[in-house]
Amino acid sequence: MPRQDGGGMAGVFFSRLRGKLNSLTRSNMRCLVINLDRSAERLAHVTAQFALIGVAFERVQAIDAQDRPELDHLPQHVRYEKRLRLTSGEIACLLSHRACWTIIAQGDAPFGAIFEDDIVFSSKASALIGNADWIPADADIIKLETFFWNPLVGRKRIPAGAHFSLFRLYAEHVGTGGYIVSKRAARNLIDATREISVAVDDLVFNPIYQPPPRKTVYQMVPALCIQDHLLGDKAFGLPSLLKQPRDAQWAAVEVVQKPRKTAAGRVKAEFARVVQRVAYFCLQRQKMAIPFDRPDAKD
């Protein structure tokens, strides 16, 4: 009978210890909140939101376009057709998210969560925020919010706790109010933003503009959070800080009126829709509305 030496038992012990330490590191996901120094009301709002779900967060000082006039003159590499130059506010937003990616890339945990200061949480968010145990190993980015679009997602459902599921996200679903990013994806996003080219929403959640390598992006269903201005009559009254400058820029662009479709054009468009539906079915993909459990009251 072979002798049982202490080395084998010690190896098993240290292997289990490493597993427990890795589990602890994975569970302690940092939550970062982007906030301007002049937005005390928004900081109070997001502090109350995190208090409601019992999770701690770290404030990341947002870059303020009002204090950075040079942003208007930064070179921009607009490589994509029909893309406008970014406004100074959009550049500041991109650089603020980049600061968060740097924190995650330099940290120990494999994932980090990033939030903007106007988010409103689902009442069930405490089960997932700050804990990474439920995240699939292949995930690069997880979109936690919804814009009430019907984005293209996969048909395979991955459970994520008692009330939530994950679906692969295959098409644009804008908004960076709340998302989780892996350490490896954070490094890739940092590299991709050494030159200014597209808004942070497109860079993270539009496959057309995502830098290589191809990322595995998931959508949370129902959404874990939502930006306040989408809540309608239940909103706290925190308007978007980027919408007005962008709307003004679009208004200054000459818009070419689309010609009316002929009968042949309408038939062609309907045929294209049928072909698209067949393609989605064959690829195991679907358009899905992303709901959000609205809070019952502002308090």
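The two residues Arg85 and Leu74 have their closest heavy-atom pair at NH2-O, 3.4 Å. Contact detail for Arg187 and Ala105: the closest heavy-atom pair is CG-CB, 3.7 Å. Nearest heavy-atom pair across Gln76 and Leu86 is OE1-N, 2.7 Å.
For the pair Lys143 and Tyr218, the cation-pi test (distance below 6.0 Å, angle within 45°) is failed.
Taking the centre of each ring, Phe115 and Phe50 come in below the 6.0 Å mark. A centroid separation of less than 6.0 Å is found between the aromatic rings of Phe236 and His45.
Within a 6.0 Å sphere centred on CD of Glu58, other residues, nucleotides and ligands contribute more than 12 heavy atoms.
With rounding to the nearest 0.5 angstrom, the SG atom of Cys225 is 9.0 Å from the CD1 atom of Ile53.
The aromatic rings of His97 and Trp101 are tilted relative to each other, their planes meeting at an angle between 30° and 60°.
Two residues are said to be in side-chain contact when any heavy atoms from C-beta on lie closer than 4.5 Å; Met288 and Phe167 meet this criterion. Residues Thr176 and Ile114 fail the side-chain proximity criterion, which asks for heavy atoms closer than 4.5 Å.
The salt bridge (charged side-chain N to carboxylate O under 4.0 Å, His left out) test with Arg42 is passed by exactly one of Asp37, Asp228, Asp117: Asp117.
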